[in-house]
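Remarks on the structure that follows.
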Amino acid sequence: QVQLVESGGGLVQPGGSLRLSCAASGFTFRSYAMGWYRQAPGKERGMVARISAGGLINYADSVKGRFTISRDNAKNTVYLQMSSLKPEDTAVYYCQAGIGYWGQGTQVTVST
């Protein structure tokens, strides 16, 4: 069955960095787009970054220049490198596969 397992979340100070990972299984990873989404308390889930099977990338305006999405098809893993983190980046971050599945989410908290 399809599984998406996120890791790498945690507590970080403003200006810090984190790298999220999403390990995928149960489908042909290299054939599908992958994305990172986030949901803050009281807000709707929104797209953070997305990478197509061919490597085309889109970012939300709020993270452009600070976050980088990448994928390793040999490891069936998608990454989100987050830098210059701000308190408003605090949210649960979810990995999504273009096949229509979601991971369980990982909490990112940016605070002093």
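This is a predicted model, so every value here is computed, not measured.
Here the OG-CD1 distance, from S70 to I57, works out to 7.5 Å after rounding to the nearest 0.5 Å.
The two residues A91 and Q107 have their closest heavy-atom pair at O-NE2, 3.4 Å. Annotation for T112 and P14: closest pair CG2-CD, 3.7 Å, computed over non-hydrogen atoms.
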* Can you list the steps and then say if R66 with K86 is a side-chain contact (heavy atoms from CB on, under 4.5 Å)? -> CA-CA 10 Å; R66 300 188 299 122; K86 305 175 182 180; 3.8 Å; yes

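In this structure, M82 and L80 have side chains that are in contact, with non-hydrogen atoms separated by less than 4.5 Å. Looking at heavy atoms from C-beta onward, I69 lies in side-chain contact with V78 at the 4.5 angstrom threshold. Proximity of R71 to C22: side-chain heavy atoms (C-beta onward) are nowhere separated by under 4.5 Å. When side chains are defined from C-beta on, V108 does not count as touching D89, because their heavy atoms never get closer than 4.5 Å. Side-chain atoms of S111 and Q13, non-hydrogen and from C-beta on, never get closer than 4.5 Å to each other. For the pair V2 and S25, the minimum side-chain heavy-atom distance is 4.5 Å or more. With a 4.5 Å cut-off on side-chain heavy atoms, T109 and V12 do not count as touching.
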Donor-acceptor pairs are to be reported for all side-chain atoms of residues 27-36 against protein atoms at under 3.5 Å, with residues two or more places apart or in another chain.
from: W36; atom 1: NE1; to: Y79; atom 2: O; distance (Å): 3.4

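Within the 3.5 Å criterion, the main-chain N or O of G100 finds no donor-acceptor partner in the side chain of Q96.
Hydrophobic cluster membership for Y37: M47, V92, Y94, W102 (Ile, Leu, Val, Met, Phe, Trp, Tyr linked by side-chain heavy atoms under 4.5 Å, directly or transitively).
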